[in-house]
Amino acid sequence: MAPGGGICRDVIESRVGFAAYDMATSSPDLRSSPLRKAATGLGGNLGAASTNDVHELLECPVCINLMYPPIYQCPNGHTVCSICKARVHNCCPTCRDELGNIRCLALEKVAESLELPCRYQILGCHDIFPYYSKLKHEKNCRYRPYNCPYAGTDCSVTGDIPFLVMHLKNDHKVDMHDGCTFNHRYVKSNPHEVENATWMLTVFNCFGRQFCLHFEAFHLGMAPVYMAFLRFMGDEDDARQFSYSLEVGGNGRKFIWQGVPRSIRDSHRKVRDSQDGLIIQRKLALFFSGGDRQELKLKVAGRIWKEQ
């Protein structure tokens, strides 16, 4: 007898499946267990379970997410997902018996026969997927919420594009501009204090879409640099329809960068670390600023256009 009164059973999985089915359809003690309902849905004499009923059975009682193999069960037929099995320290969250390593093959078999809508159906995805393909699709569904593109703080807000635009405007006080050309001046009184910190984010409404212009100071290795780059508020496929240019200069010199905006599906840090943008070393930026080079006065101009 294992500690706590539970019985630890390590049984060959194929035998567990048949034994569990027999127990679920015959034992009076297990007639109300999830295993019995799942087994009935496999063709038992008690009638087929509805999709909604089976969907409920596939919800983990701990995290409430849908369970994927391996699905574990205690000797009384209560199920739990593999992630939560470790969280509950191998103790059944329903009856407190020991879970052991018994797989609920009957419920896993039921899941194979299901077709379910994407969890982002309310956001516009109307496709139906086999149960075991649903999770993979949802990780890359084009309708899944976007993360907030603001890089100045660790913002955890997610949502669709219209929601995030209002969030940036109201909560982060981001400047909003209409138009596909821009000319910004960035000023810093003590440019020698370069830290890994975002300076500014500006959102442009252009061609009926939104673009985020980032400008910041950080260290690239040991070298202090300034970087400007553009991100598109939408998916990567749509981002490829646009191009942009950035121009910075002074004292008769000029740097020009041309590229494709990155989707906000790519994090701010990922884009920055890939160096996919206009990068200027601090000495050159101060040279562009003119004067005594003790104050950064950098002009960054640019435009956005749509590829034909």
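All values below were derived from every heavy atom in this structure, side-chain atoms included, with hydrogens, water molecules and symmetry-related copies excluded.
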**N/O donor-acceptor pair under 3.5 Å between Asn170 side chain and Met166 backbone** = yes

**Prompt:** Any luck finding a side-chain donor-acceptor pair between Asn90 and Lys85 under 3.5 Å?
**Reply:** yes

**Item:** Under 3.5 Å donor-acceptor, Arg209 side chain and Asn205 backbone
**Value:** no

**Asked** Which heavy atom of Asp276 sits nearest a heavy atom of Tyr244, and at what distance?
**Response** O-OH, 4.1 Å

**Asked** Among Arg142, Lys136, Lys134, whose salt bridge (charged side-chain N to carboxylate O under 4.0 Å, His left out) with Glu138 holds?
**Response** Lys134

**Asked** Linking I/L/V/M/F/W/Y whenever their side-chain heavy atoms sit closer than 4.5 Å, directly or via other members, would Leu220 and Val271 fall into one cluster?
**Response** yes

**Item:** Check against side chain to side chain contact (heavy atoms under 4.5 Å, CB included), Phe288 and Arg253
**Value:** CA-CA 8 Å; Phe288 285 162; Arg253 281 81 170 176; 3.6 Å; yes

**Item:** Validation row: Glu216, His268 side chains within 4.5 angstrom (heavy atoms)
**Value:** yes

**Item:** Separation of Lys109 NZ from Leu105 CG (nearest 0.5 Å)
**Value:** 10.0 Å

**Asked** Is there a side-chain contact between His184 and Lys299 (heavy atoms, below 4.5 Å)?
**Response** no

**Prompt:** Atom CZ of Arg144 and atom CZ of Arg119: how far apart are they, to the nearest 0.5 Å?
**Reply:** 12.0 Å

**Message:** With ring pair (Phe, Tyr, Trp, His ring centres under 6.0 Å) as the criterion, how do Tyr131 and Tyr68 come out once you've worked through the C-alpha distance, each side chain's angles and the decisive distance to 0.1 Å?
**Reply:** CA-CA 9 Å; Tyr131 184 81; Tyr68 292 84; 4.8 Å; yes

**Asked** Can Arg282 be said to sit on top of Tyr226's aromatic six-ring, NZ or CZ under 6.0 Å from centre and within 45° of the ring axis?
**Response** no

**Asked** In Å and rounded to the nearest 0.5 Å, what is the CD1 to CD distance from Ile64 to Glu56?
**Response** 11.0 Å

**Asked** Do we get Arg272 above Phe218's six-membered ring, with its NZ or CZ under 6.0 Å from the centre and within 45° of the axis?
**Response** yes

**Item:** Separation of Cys81 SG from Ile71 CD1 (nearest 0.5 Å)
**Value:** 9.0 Å

**Request:** Take Glu59 and Leu66 through the test side chain to side chain contact (heavy atoms under 4.5 Å, CB included) and record every step on the way to the result.
**Result:** CA-CA 4 Å; Glu59 287 184 353; Leu66 291 177; 4.2 Å; yes

**Request:** Identify whether the distance between the nearest side-chain nitrogen and carboxylate oxygen of Lys270 and Asp273 falls below 4.0 Å.
**Result:** no

**Prompt:** If every non-hydrogen atom of Arg265 is compared with every non-hydrogen atom of Pro145, which pair is closest and at what distance?
**Reply:** NH1-O, 3.0 Å

**Request:** For Ile83, look at atom CD1 and say whether over 12 heavy atoms of other residues, nucleotides or ligands are found less than 6.0 Å away.
**Result:** no

**Message:** Do His172 and Cys155 make a side-chain contact, defined as non-hydrogen atoms from C-beta onward lying under 4.5 Å apart?
**Reply:** yes

**Message:** Using side chain to side chain contact (heavy atoms under 4.5 Å, CB included), reason through Val174 and Tyr150 one step at a time and then give a plain yes or no.
**Reply:** CA-CA 9 Å; Val174 170; Tyr150 191 79; 3.9 Å; yes

**Message:** Please find the pair of heavy atoms, one from Phe215 and one from Ala228, that lie closest to each other, and give the distance.
**Reply:** CD1-CB, 3.7 Å

**Request:** Keeping to residues at least two apart or across chains, list the disulfide (SG to SG under 2.5 Å) pairs with something in residues 206-273.
**Result:** Cys180-Cys206

**Request:** Indicate yes or no for a side-chain donor-acceptor contact from Arg231 to the backbone of Pro149 under 3.5 Å, with no hydrogens or angles considered.
**Result:** yes

**Message:** I'd like to know if Leu116 and Val110 are part of one continuous hydrophobic network [Ile/Leu/Val/Met/Phe/Trp/Tyr, side-chain heavy atoms within less than 4.5 Å].
**Reply:** yes

**Request:** Specify the closest pair of heavy atoms between Thr158 and Leu164, including all atoms of both residues, with the distance to one decimal.
**Result:** C-CD2, 4.2 Å

**Prompt:** Once you round to the nearest 0.5 Å, how far does CZ of Arg262 lie from OG of Ser267?
**Reply:** 9.0 Å

**Item:** Whether Ser263 side chain and Gly234 backbone form a donor-acceptor pair below 3.5 Å
**Value:** yes

**Request:** Look at the side-chain heavy atoms of Ile, Leu, Val, Met, Phe, Trp and Tyr, link any pair under 4.5 Å apart, and say whether Phe207 and Val260 land in one connected group.
**Result:** no

**Request:** Quick one: closest heavy-atom pair of Leu99 and Cys92, and the distance?
**Result:** CG-N, 3.7 Å

**Prompt:** Just wondering, do Pro93 and Cys84 contact through their side chains at under 4.5 Å, heavy atoms?
**Reply:** no

**Asked** Under a single-linkage definition using a 4.5 Å side-chain heavy-atom cutoff for Ile, Leu, Val, Met, Phe, Trp and Tyr, are Leu246 and Ile279 assigned to the same hydrophobic cluster?
**Response** yes

**Message:** Checking Gln258 against Ser245 for the side-chain hydrogen bond (donor to acceptor under 3.5 Å, both in side chains) test, could you report, in this order, the C-alpha distance in whole Å, the side-chain angles of both residues, the deciding distance, and whether it holds?
**Reply:** CA-CA 4 Å; Gln258 180 173 320; Ser245 65; 5.9 Å; no

**Prompt:** Between Ser243 and Glu307, does any side-chain donor sit less than 3.5 Å from a side-chain acceptor?
**Reply:** yes

**Message:** Please confirm whether the ring centroid of Phe211 lies under 6.0 Å from the ring centroid of Phe204.
**Reply:** no

**Message:** Is any side-chain heavy atom of Val165 closer than 4.5 Å to one of Met233?
**Reply:** yes

**Request:** Indicate yes or no: at least one non-hydrogen side-chain atom of Phe232 is less than 4.5 angstrom from one of Ile264.
**Result:** no

Side-chain donor-acceptor pairs under 3.5 Å in residues 121-129, sequence neighbours left out?
none

**Asked** Do Leu107 and Thr79 come within less than 4.5 Å of each other through their side chains, counting heavy atoms only?
**Response** yes

**Asked** Closest approach of Met67 and Leu57, non-hydrogen atoms and distance?
**Response** CE-O, 3.4 Å

**Asked** Are Val248 and Ile256 co-members of a hydrophobic cluster defined by side-chain heavy atoms under 4.5 Å apart?
**Response** no

**Item:** Nearest-0.5 Å distance that lies between atom OH in Tyr143 and atom CG in Asp160
**Value:** 12.5 Å

**Message:** Within the 4.5 Å heavy-atom criterion, are Trp305 and Phe242 side-chain neighbours or not?
**Reply:** no

**Item:** Check: Phe163 ring centre within less than 6.0 Å of Tyr146 ring centre
**Value:** no

**Request:** Check step by step if side chain to side chain contact (heavy atoms under 4.5 Å, CB included) holds for Ile280 and Leu298.
**Result:** CA-CA 11 Å; Ile280 313 168; Leu298 205 59; 4.0 Å; yes

